Structures are given as C-alpha cells and as structure tokens.
Protein chains: 2
Amino acid sequence: MIAENDGISLMSRCAPKNALNDFDVLGSPLKYEGPLDNPCAACEVREMSICGVLDKDEIEEFVKILTRQTCTAHDPIIDEGEPADFVFNVTGGAVKLFKLLPDGRRQITGFLFEGDFLGIAMNDTYSYSAEAVGDAHMCRFNRRKFEALLDRFPKLERRLLGMASNELAQAQDQMLLLGRKTAREKLCTFLLSLSRRSEKRGYDPSVISVPMSRNDIGDYLGLTTETVSRTFTNLKKDGVIRLLEGNRVKINDAEQLQDLAEGA
Amino acid sequence: MIAENDGISLMSRCAPKNALNDFDVLGSPLKYEGPLDNPCAACEVREMSICGVLDKDEIEEFVKILTRQTCTAHDPIIDEGEPADFVFNVTGGAVKLFKLLPDGRRQITGFLFEGDFLGIAMNDTYSYSAEAVGDAHMCRFNRRKFEALLDRFPKLERRLLGMASNELAQAQDQMLLLGRKTAREKLCTFLLSLSRRSEKRGYDPSVISVPMSRNDIGDYLGLTTETVSRTFTNLKKDGVIRLLEGNRVKINDAEQLQDLAEGA
DNA sequence: GGCAAACCATGATATAGGTCAATCTGTCAC
DNA sequence: GTGACAGATTGACCTATATCATGGTTTGCC
C-alpha cells in the first residue's frame, strides 16, 4: 500500500539492483508511521522541487505513489517514442535529455539536476530520451496517478505551470544560443548557467562541477567534441577559467564570463 | 463595464488607430446583451484557442477582461525586459517572438498564428520581444485579471499547462533543428511545419502561405537571409517545391520533404 | 599494477554557410 | 507611369567550425 510498483518496464532498464535501500524501510523493517518517517521528510531537494508546495499531509499522499530509483551513467531512463507512463523528480546526480536524428546526430535539450522535474512536456509518448550522466537518483511516479494528484492539489498544478513557464524561457535562451552564438559564447553561457545553478543551491558559484563529457557538452551546444575541447583550452589560455581536479572548473572573473557569453 | 481599458502602454505602441472596428459595437451602437453578441461568439479561432475550453457563461467573464487590438507589420507588441502586464491571444495574422544579443544578432524563437497564445512563459518581465509579421489581430488581457480567471476556472489552467507542454516539445524540436540540422534540412522542416499547421486548420497542406521575410526565416532557423534564399532556389531546382504568387509555396512531394527534413 | 576502453587534447585540412557586393523585382506613393 | 525603397536573388570570396587523424590521459577492472 505504501510502496507500490507501478510497472517494470523502467525497472528493467534502469538497474533495479541499484534501487535505493533507504526506501526499503517503507516496505519492510520499519513501518510507515507518518511524515517524519517518509523519504520526503528527509529529502534535501524537496523545497526546490515540485513537491515543495505540499504540506505534510499532502506529502503523505505523494509518497504513496512514488518509487525511488538510481541510475548509473548511460542508463536509459526514458526512450523517445515510448508510451509516457511515468514522470520523474531528480533527487541527485545529473540526467541528460536528448533527441536523435535518423543518422545518429544528437541534440541534448537539457541537463536535469537535483530538484528538477522530468515529464512536463508529456504527450502520449515521450518526445525525447533521457539518460543518467553519472549516478542519478530520482523519484518515479505513475503518470496517471500523478495527474490524479494534480486534480486534487491545484497548487501542484500551479507549480507545474510555473516550472513549465521557466523551462520555456530557458528553452528560448537555448535557441538564441544555438542559432546565433559563437562557440566561445556558447561555452561561456553554459559555464555561467552552471555557475548560477550552483549559486542558487548555496554552493560557491566560482567553482563549478562539470560532470558531463566534452561530447555531451558539444551535443548540448551544437558543437563537436573537438571544438568544445579547443574552446576550453582557449578560455584557459586567456585566463577566463582554470580546470581543476575532478571535472571542476574555476571561474576567474564572472563578470568577464558574462560579457563573453553575450558577445558584449 | 464590458470593454475595459487596462493600460495604455501597449496601445501607444501598437497603433490604436488600427483598433478593430467590429469591437466598437460593444461599446456604442449595439448594447451588449448576452454571449451571442460578444466578439467571442463569432470568433473563428476560439475552438483552437485557450478559450475553447470555456462554456458560454465563462466566456462572458472572459470577454469582460479582454481588449481587441490590431497591429501592422513591425509594430512592437511586447518588449523583452518590460514588465509583463499583458497576455495575448492571436486571432488573426502572424506574430514573431524574438530575442536579441547586445550587438543586434537576433533569434526568432517562434511564430504565432491565429489561435496561439502569447504569454505562457511569463515572469515578472517579458523574456522576449514580439512583433507583428503582417497585420495581426489579437485579444489582449490584463495579466493580473487573467490569472484571477485561472484561479476561478481550473480547466483554463489545465489548458494552459497543456499548451505549455506542447510548446516545450516544439522548443525541443527547434533545438534539434538549430543545433544539428543542415540549412536544407532546416528549411524543409520549417516548410513542413507550416504545412502541418495549415492542414490542422483545414487548409490544403500542399500549398502554404509563407508571410514572413527571408530575413525572418533566417533568424528563426539560425541562417542568413542569403542562405535561406539560396536554399529556396535549390529546393526549387530539385523540384521539391514551387514558388507561387503572394508568398505561397507549393509542396510537390510531402513525403520527400519529410525525408529531407530529417536527413533520412 | 597493468590493460583496455573511454575520454580528452591538438594538429592538419575541408567545407557549409557566412560576409560583402551587385543586381533584380515588386510595391507603393504620388 | 515613375521613382524610390525594401526585399529577394545571385555571385565571389572568406572563415568558423567540422572532419579526420594521432597521441595523451584518465578511469575502472582483474
């Protein structure tokens, strides 16, 4: 009744062996006794997530229809064209969304991080694919049940509309980038957006983690791996950034980066 | 009480002299006597618009907060960065949405036609600008009052979410186009989307109207005017399309166009 | 600790599409 | 009908980025 399995098609894709153990407490040793024991209560990204608008009682309803899962790098999460039976909330790690052309050309349309919701643009079938970048944790919802909750909790729907609105604005920024910016401007814009995201979550905006590969960055910015690599090198040479251990990047001058990002 | 003017900043921009006369009947000679006399009753795009979900009584509420306006080519409708005080519903003609870089480079993020809603991605300020392509007619709403109606009519909000979802999917398609398609694929995709739109509205999908300039098309597809022009010529040479009078294009083989659009 | 498989960097070269420039066409005002 | 102006087309040339090729570096696995 508490943890329900609403289908297995995704489990088989996305490594069930990696299912978060801390969720098992809901089903076995510990009985579910109230909001304080539910996984959402301890969830660090709840406030910035779609579920942030819900109060304790509502979260209890929410947790009933949720399954937690973990994916490792390259695990497919959803496949373009498949029936859109699930929606997700990313609770940790990073996820990439992408579309493919018949000949294999790929466009990454977005990266999702903790707190991001996957499934706003839901038709009958998924209109894009999603894969974990590194390890990624997420809450999965049966879409039908999720939509039923939307009906019951209008503020959830309002929140979703707000998120959709934000994503649309972001998408328009990305169109400007893809259509009109140079390679250098593209990369600076990308780094800047990672930096701002870091800042919003309370981290140092001048040292950012860049968990995705050069190839992924290229497919996100409409560039090749080689151009991304060369452009990183150039920015480094020009003293704009410094490459640190562990896929981290030090931004030396955020204002300069901002100017470079807009060709100003 | 019926036609209220909720601000003039836009009127001054968007040629008040062009205000639709058929709206004046509401304010003077004919008294407003019920839904059948309101402009929405005769509106041909209502069914496909956001207002299509409303019943007669609800439409009456809707019409109370609406102002009709007409813009001619290049009339600015909204300006990026300005307070987002209004939302719009396009009832005729075409509107382009765009973003600018400091040096003037422009990316058109979308074209709106009859039935399309402008203002889903609304923050405190507009995140893009909008201009009429040719003559365009629209219903304008004070945003605050519009949002109040959203609260009263949940189905309106649901509809808006659905529209946002569609737009997001479209935006992702456009990112694939901008980031990964060739000039020829871009133009074919564009023509195809115009064709499908025509078909949806009950017109012949094989003869489409292309009201926007080569320059606008270029700024939409991430190309220059010259490349758009050359690519049109090539498609013509290859017998894919034929250019007709009055900015119309004949599509000779829709299936071929579809293949060309995806590089298949 | 060493091997394999990704991933990353960099050099040489190619090319799609941009830039610059000239001409053509259509439209509207008068 | 004519002049003027905006938009479209076409050509010649250029350049930013792609492509191809090689070697280096990291990561993970036994």
Side-chain angles (χ1 to χ4, degrees), chain A residues 72-75 96 101 103-108 131-135 177-188 190 209-238 241-249 260 263, chain B residues 72-74 96 101 103-108 131-135 177-190 210-237 241-249 260 263:
Chain A
T72 54
H74 308 299
D75 275 350
K96 60 192 175 203
L101 285 171
D103 64 3
R105 279 173 288 171
R106 184 179 67 155
Q107 179 66 38
I108 292 183
E131 255 183 44
V133 170
D135 279 4
L177 176 149
L178 289 169
R180 290 302 183 210
K181 290 190 178 179
T182 65
R184 175 176 263 240
E185 288 162 0
K186 285 175 175 180
L187 191 56
C188 289
F190 176 63
S209 164
V210 184
M212 59 291 286
S213 69
R214 297 287 183 263
N215 190 32
D216 281 352
I217 296 173
D219 281 351
Y220 180 58
L221 301 177
L223 300 170
T224 58
T225 309
E226 294 94 326
T227 299
V228 172
S229 192
R230 278 187 250 271
T231 308
F232 261 115
T233 308
N234 288 340
L235 290 176
K236 206 169 55 179
K237 263 190 211 147
D238 295 350
I241 58 169
R242 205 150 45 89
L243 301 186
L244 309 178
E245 291 271 287
N247 296 314
R248 299 183 91 81
V249 174
L260 288 173
Chain B
T72 53
H74 310 297
K96 60 192 174 201
L101 285 170
D103 64 3
R105 279 173 288 172
R106 184 179 67 154
Q107 179 66 38
I108 292 183
E131 256 183 43
V133 171
D135 279 3
L177 176 148
L178 290 168
R180 291 302 184 210
K181 289 190 179 180
T182 65
R184 174 175 264 238
E185 288 161 0
K186 284 176 175 180
L187 191 56
C188 289
T189 306
F190 176 63
V210 183
M212 59 292 285
S213 70
R214 298 288 183 261
N215 190 33
D216 281 352
I217 297 173
D219 281 350
Y220 180 57
L221 300 178
L223 300 169
T224 59
T225 309
E226 294 93 327
T227 299
V228 172
S229 192
R230 278 187 251 271
T231 309
F232 261 114
T233 309
N234 287 340
L235 290 176
K236 207 170 53 179
K237 263 189 211 148
I241 58 170
R242 206 149 46 90
L243 300 186
L244 309 178
E245 292 271 287
N247 296 315
R248 300 181 90 80
V249 174
L260 288 172

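Since the structure is predicted, the reported quantities are computational estimates derived from the model, not experimental observations. In the text below, chain A, chain B and the rest are named by the order of the sequence lines, each starting its count at 1.
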S.K.: Looking only at side-chain N and O atoms, does B/Arg214 come under 4.0 Å of OP1 or OP2 in D/dT9?
M.R.: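 Checking D/dT9 against B/Arg214, a side-chain N or O does come within under 4.0 Å of OP1 or OP2.
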S.K.: Within less than 4.0 Å of OP1 or OP2 of C/dC7, is there a side-chain N or O belonging to A/Ser213?
M.R.: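 Answer no for this pair, as no side-chain N or O of A/Ser213 is under 4.0 Å from OP1 or OP2.
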S.K.: Using a 4.0 Å heavy-atom cut-off across all strands, classify B/Thr224 as base, sugar-phosphate, or nothing.
M.R.: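 If one applies the 4.0 Å heavy-atom cut-off, B/Thr224 turns out to touch a base.
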S.K.: Round to a whole Å and report the spacing from CG of B/Leu243 to C1' of C/dC24.
M.R.: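 Those two atoms, CG and C1', are 15 Å apart.
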S.K.: Give a yes or no on whether a salt bridge exists between B/Asp219 and A/Arg180, defined as a side-chain N under 4.0 angstrom from a carboxylate O.
M.R.: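 So B/Asp219 pairs with A/Arg180 through a salt bridge.
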S.K.: In whole angstrom, what separates B/Arg180's CZ from C/dA16's P?
M.R.: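 Atom CZ in B/Arg180 sits about 16 Å away from atom P in C/dA16.
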S.K.: If only side-chain N and O atoms of B/Thr233 are considered, is one of them under 4.0 Å from the OP1 or OP2 phosphate oxygen of D/dT10?
M.R.: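 Answer is yes, contact under 4.0 Å.
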S.K.: Does A/Arg106 come within less than 4.0 Å of A/Asp216, counting only side-chain N to carboxylate O?
M.R.: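 Yes, charged N to carboxylate O under 4.0 Å.
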S.K.: In whole angstroms, how far is the C1' atom of D/dT10 from the NZ atom of B/Lys237?
M.R.: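 Nearest whole value for this atom pair: 9 Å.
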S.K.: Would you kindly give the CZ-to-P distance between B/Arg230 and D/dC13, to the nearest whole Å?
M.R.: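 Distance check: B/Arg230 CZ to D/dC13 P gives 13 Å.
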S.K.: Check whether any side-chain heavy atom of A/Phe190 lies under 4.5 Å from a side-chain heavy atom of A/Leu177, and answer yes or no.
M.R.: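 Contact flag for A/Phe190/A/Leu177 side chains = no.
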S.K.: Say whether, by atom type as modelled, one donor and one acceptor occur between the side chain of A/Lys186 and the main chain of A/Leu221 under 3.5 angstrom.
M.R.: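 Between the backbone of A/Leu221 and the side chain of A/Lys186 there is a qualifying donor-acceptor contact (under 3.5 Å).
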S.K.: Could you state the atom-to-atom distance from CG of A/Asn247 to P of C/dC7 in whole Å?
M.R.: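 After rounding, the gap between these two atoms is 11 Å.
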S.K.: Could you tell me the separation between the CZ atom of A/Phe232 and the C1' atom of C/dA9, rounded to a whole number of Å?
M.R.: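 Rounded to whole Å, this separation is 12 Å.
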S.K.: Give B/Gly218 one of three labels, base, sugar-phosphate or nothing, depending on what nucleic acid heavy atoms sit under 4.0 Å from its own.
M.R.: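 Nothing, no nucleic acid heavy atom in range.
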S.K.: Counting only side-chain N and O atoms of B/Thr227, is one of them less than 4.0 Å from OP1 or OP2 of C/dG17?
M.R.: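 No, no such contact exists.
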S.K.: Counting just side-chain N and O atoms, does A/His74 come under 4.0 Å of either OP1 or OP2 of C/dA5?
M.R.: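 Indeed not, no polar side-chain atom of A/His74 lies that close.
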S.K.: Does a distance-only test, which skips hydrogens and angles, find a donor-acceptor pair under 3.5 Å between the side chain of A/Glu226 and the base of C/dC8?
M.R.: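 Flag unset: no donor-acceptor pair detected.
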S.K.: Closer to the 5' end of DNA chain D via nearest nucleotide, is it B/Ser229 or A/Val228?
M.R.: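 The residue whose closest nucleotide sits nearer the 5' end is B/Ser229.
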S.K.: Need one value for A/Thr225: base, sugar-phosphate or nothing, where a base atom within 4.0 Å counts as base even if backbone is also close, heavy atoms only.
M.R.: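 Contact class for A/Thr225: none.
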S.K.: In this structure, how many angstroms lie between the P atom of C/dA16 and the CG atom of B/Leu178, rounded?
M.R.: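 Whole-Å distance recorded here is 19 Å.
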S.K.: Remember a base hit wins even if backbone is also touched, and classify B/Gly246 as base, sugar-phosphate or nothing at under 4.0 Å, heavy atoms.
M.R.: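 It contacts nothing in the nucleic acid.
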S.K.: Examine the base of C/dG17 for any acceptor or donor lying under 3.5 Å from a partner atom in the side chain of B/Arg184, and report the outcome as yes or no.
M.R.: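 Answer no: no donor N or O sits under 3.5 Å from an acceptor.
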S.K.: When you check the gap from the basic side-chain N to the acidic O, do A/Arg184 and A/Asp238 get nearer than 4.0 Å?
M.R.: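 The answer is yes: the pair qualifies as a salt bridge.
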S.K.: Grab the NZ-P distance between A/Lys236 and C/dC8 for me, whole Å please.
M.R.: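 Nearest whole value for this atom pair: 12 Å.
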